[in-house]
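Encoded as structure tokens, the structure appears first; notes follow it.
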There are 2 protein chains.
Amino acid sequence: MKTEAATAGRRPTIKDVAEAAEVSRSTASRALTGRGYVAPAVRERVRRTAQTLGYVPDVLARNLRQQVSRSIGVLVSDLRNSFYADLASGISRQSRQRGYAMMLADDHGSVAAELEAAETFVALRVAGVILTPLSAEVSEYLGRHQIPVIEVDRQFAEGKQDAVVVDNRAAAERVTSRLLGTGHRRVALLIDEMDWTTGRDRLVGYRSAFHAAGIPADDALVIRSGWDVGAAQEVARGLLSTPDRPTAVFAANNVLAEGVWRAAQDLGLRIPEDISLVSFDDAPWMTMVRPGVTAVAQDAVALGEAAVAQMFHRIENPASPARTVMLSVSVEQRGSTAPPATA
Amino acid sequence: MKTEAATAGRRPTIKDVAEAAEVSRSTASRALTGRGYVAPAVRERVRRTAQTLGYVPDVLARNLRQQVSRSIGVLVSDLRNSFYADLASGISRQSRQRGYAMMLADDHGSVAAELEAAETFVALRVAGVILTPLSAEVSEYLGRHQIPVIEVDRQFAEGKQDAVVVDNRAAAERVTSRLLGTGHRRVALLIDEMDWTTGRDRLVGYRSAFHAAGIPADDALVIRSGWDVGAAQEVARGLLSTPDRPTAVFAANNVLAEGVWRAAQDLGLRIPEDISLVSFDDAPWMTMVRPGVTAVAQDAVALGEAAVAQMFHRIENPASPARTVMLSVSVEQRGSTAPPATA
DNA sequence: CTGAAAGCGCTTACAG
DNA sequence: CTGAAAGCGCTTACAG
């Protein structure tokens, strides 16, 4: 059974299988897909033939014919950041379980790269896109091309678009309240952006903790930083060098927390005796250092899985209203927080 | 210019563009792809029409017709491990730059999942696959289907298959030699596998350092551990509790190093006074803890980029002999290593 | 129960 | 300079 395909060195197609099994392509297709009738004996013969030829159907061609898509596009900011990597991991596992392949791209923070990746996804006819958006345009663009979009971690068009997020406001309020409750008054917030829902809501939660405690919040303690460790370290060094330095710092994410940690080391400040530290986002190093760093822990893998679930919900109910799924977080209480020395 | 596509709510095809621009599909195609002749005025009209219709060509259909593939498959062990995430990041960036989309899957250590993912890649007709192999079968399987394979980090068929790795032997010898050179005699190797080239070569390097120094190696100091932090921590706790405990531990990867670090903390052992520690693989936490951990640093992003380069080399030179690319590593000397107390 | 024909969205020799 | 026709690999009503 030497087929032409084998001789020519090209991949066998269904035509090769059909010829070798001496049936038509129609029958071969029905035998292999299991859709439509075919005599049991014939089906067996076709399947065996496919097996021996090493035939693997071209699912791209199949999908084209069936006018369906079995892949999803995933677009995150930076795979080297463990938060996004975990997210991708959750999405990957969950989507493969449903028989969908994952196309992954990262935009390394560039709005242009983000849009370019979105265009690629449209051209690839993915069934949907899960992304951590950098701009409002990208979701709009994909929506215009009728591609379901799930925003994860942050949202641009709150309530207009499906999203999977955590309750940033509540979590920020919770950890800030704890600090205030143990006697801290000068609690600084180190933050790198307030344009996204993440930053905005964390700021709001921080402020409402002061309000709830009846303590006036000092806006000078809301410190803006660049987004990388070096920038945060420098800003934190300045903040912690002032005579009336805060007694506690709430870092709005794990990168900023790393900057604060390093700055405290640089200045010889002891944690928590001289300064308490809380991080939004947990990270592996926070349990390695002494003392451990108290952190708001998001389960990024679960976030990814929930995004996939929402995506399929959307695909099955195209007309249902936009939904925002909120996942809970946990606060990992560690040694970096304690009552202030002066209290 | 209300097209049928717009009215029906389906995506515009080249047929819609052609009709709206009042040309044939052939001409529309030539105008949009730039291949083949078309009158300048006509080309402009077609392009404008496509623009206003929001036409995005289906690249899957195009690739089917052209019998080419513009995607690569990537298969790693676990995206949540920063080494693999960095690898994927390098591959992603480099492949998009060449106009290829990346399909990503992770096998979470399961040989069955690995093979399943490989089958999906064949069905998807990827141009090639880059993977961190778990078994010899997967590369064989892909090879049988004429899909170029690049093995990264570890190899199964050394010299028979393209690969991008680091010189594990040389690096392991280098760090072990340094320990011996500063007076250590009882240097343990903590290792989780010796079936892959990674583990095997690190062991060989460790041993040849002893040989080169003329010091007899004690095989009882080669300690086998499970692959996760908990297992390593337990094994290390046993090792460090013995009366004749080693004066230095060389952990064969970053997960094992974390286990050793935690075990030392558990036992109240000071690093480096009581025990020196070296890790193969750097990790963020190693610069956060005090003292920092001396590590062999592999640039995983660069590894990924090199794998993509090798993949395109292979695609362009299908018959060229298998090539193993070896990337250099650096040794990050930090505070966790010092001469032994008794020296 | 099976096969001939059409067609998914695209490109490309080829004829005019 | 342009369009009709064929065909990539597949599936699916439909006729027999």
Side-chain angles (χ1 to χ4, degrees), chain A residues 3-5 8 10-47 49-50 53-70 122-127 145-146, chain B residues 3-5 8 10-47 49-50 53-70 122-127 145-146:
Chain A
T3 62
E4 194 212 324
R10 57 172 178 73
R11 284 199 187 90
T13 69
I14 198 165
K15 184 154 171 274
D16 299 310
V17 174
E19 279 169 7
E22 298 183 299
V23 293
S24 70
R25 278 142 70 218
S26 322
T27 301
S29 174
R30 283 193 304 265
L32 295 171
T33 59
R35 299 160 83 119
Y37 204 93
V38 50
V42 176
R43 177 187 311 127
E44 258 324 296
R45 177 158 42 101
V46 173
R47 293 204 166 163
T49 309
L53 290 183
Y55 170 72
V56 177
D58 183 330
V59 314
L60 268 30
R62 168 184 293 171
N63 290 347
L64 173 61
R65 169 60 233 250
Q66 295 185 140
Q67 289 293 89
V68 299
S69 168
R70 286 257 180 279
V122 173
L124 254 16
R125 300 295 191 260
V126 298
H145 283 280
Q146 334 225 36
Chain B
T3 61
E4 193 211 325
R10 56 172 180 73
R11 282 199 189 91
T13 69
I14 198 165
K15 185 154 169 276
D16 298 311
V17 175
E19 280 169 7
E22 299 182 298
V23 293
S24 70
R25 278 142 69 219
S26 322
T27 302
S29 175
R30 283 193 304 265
L32 295 171
T33 59
R35 300 160 84 119
Y37 204 93
V38 49
V42 176
R43 177 189 308 129
E44 259 323 296
R45 176 157 45 105
V46 172
R47 294 202 165 164
T49 308
L53 290 182
Y55 170 72
V56 177
D58 183 330
V59 313
L60 269 29
R62 167 184 293 170
N63 290 346
L64 172 62
R65 169 60 232 252
Q66 293 185 143
Q67 289 293 89
V68 299
S69 169
R70 286 257 180 279
V122 173
L124 255 13
R125 301 294 192 260
V126 298
H145 284 280
Q146 335 224 35

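All chains are named by letter (A, B, ...) in the order of the sequence lines, taking the proteins before the strands, and each is independently numbered beginning at 1.
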Would you say [X] reaches [N]'s phosphate, i.e. side-chain N/O to OP1/OP2 under 4.0 Å?
X       : N      : result
A:Arg65 : C:dG7  : no
B:Tyr37 : C:dA13 : no
B:Arg62 : C:dG9  : no
B:Gln67 : D:dG7  : no
A:Gln66 : D:dC10 : no

Which pairs count as side-chain hydrogen bond (donor to acceptor under 3.5 Å, both in side chains) when at least one residue sits in residues 28-42 of chain A, sequence neighbours excluded?
->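 Matches after skipping sequence neighbours: A:Thr27-A:Arg30.
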By a strict heavy-atom criterion of less than 4.0 Å, which residues belonging to residues 23-31 of chain B are in contact with DNA chain D?
-> B:Val23, B:Ser24, B:Ser26, B:Thr27, B:Arg30
With the side chain of [X] defined as its heavy atoms from C-beta on, choose the nearest nucleotide among [options].
X       : options              : result
B:Ala61 : D:dC1, C:dC1, C:dC10 : C:dC10
B:Leu64 : D:dC1, C:dC10, D:dG9 : D:dG9
B:Val42 : D:dG9, C:dC10, D:dT2 : D:dT2

Its dot-bracket string being built from Watson-Crick and G-U pairs below 3.5 Å, with | for another strand and [ ] for crossing, DNA chain C has the pattern |||.||||||||.|||
Do other residues, nucleotides or ligands put more than 12 heavy atoms under 6.0 Å from A:Gln66 CD?
->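 Above 12, so yes.
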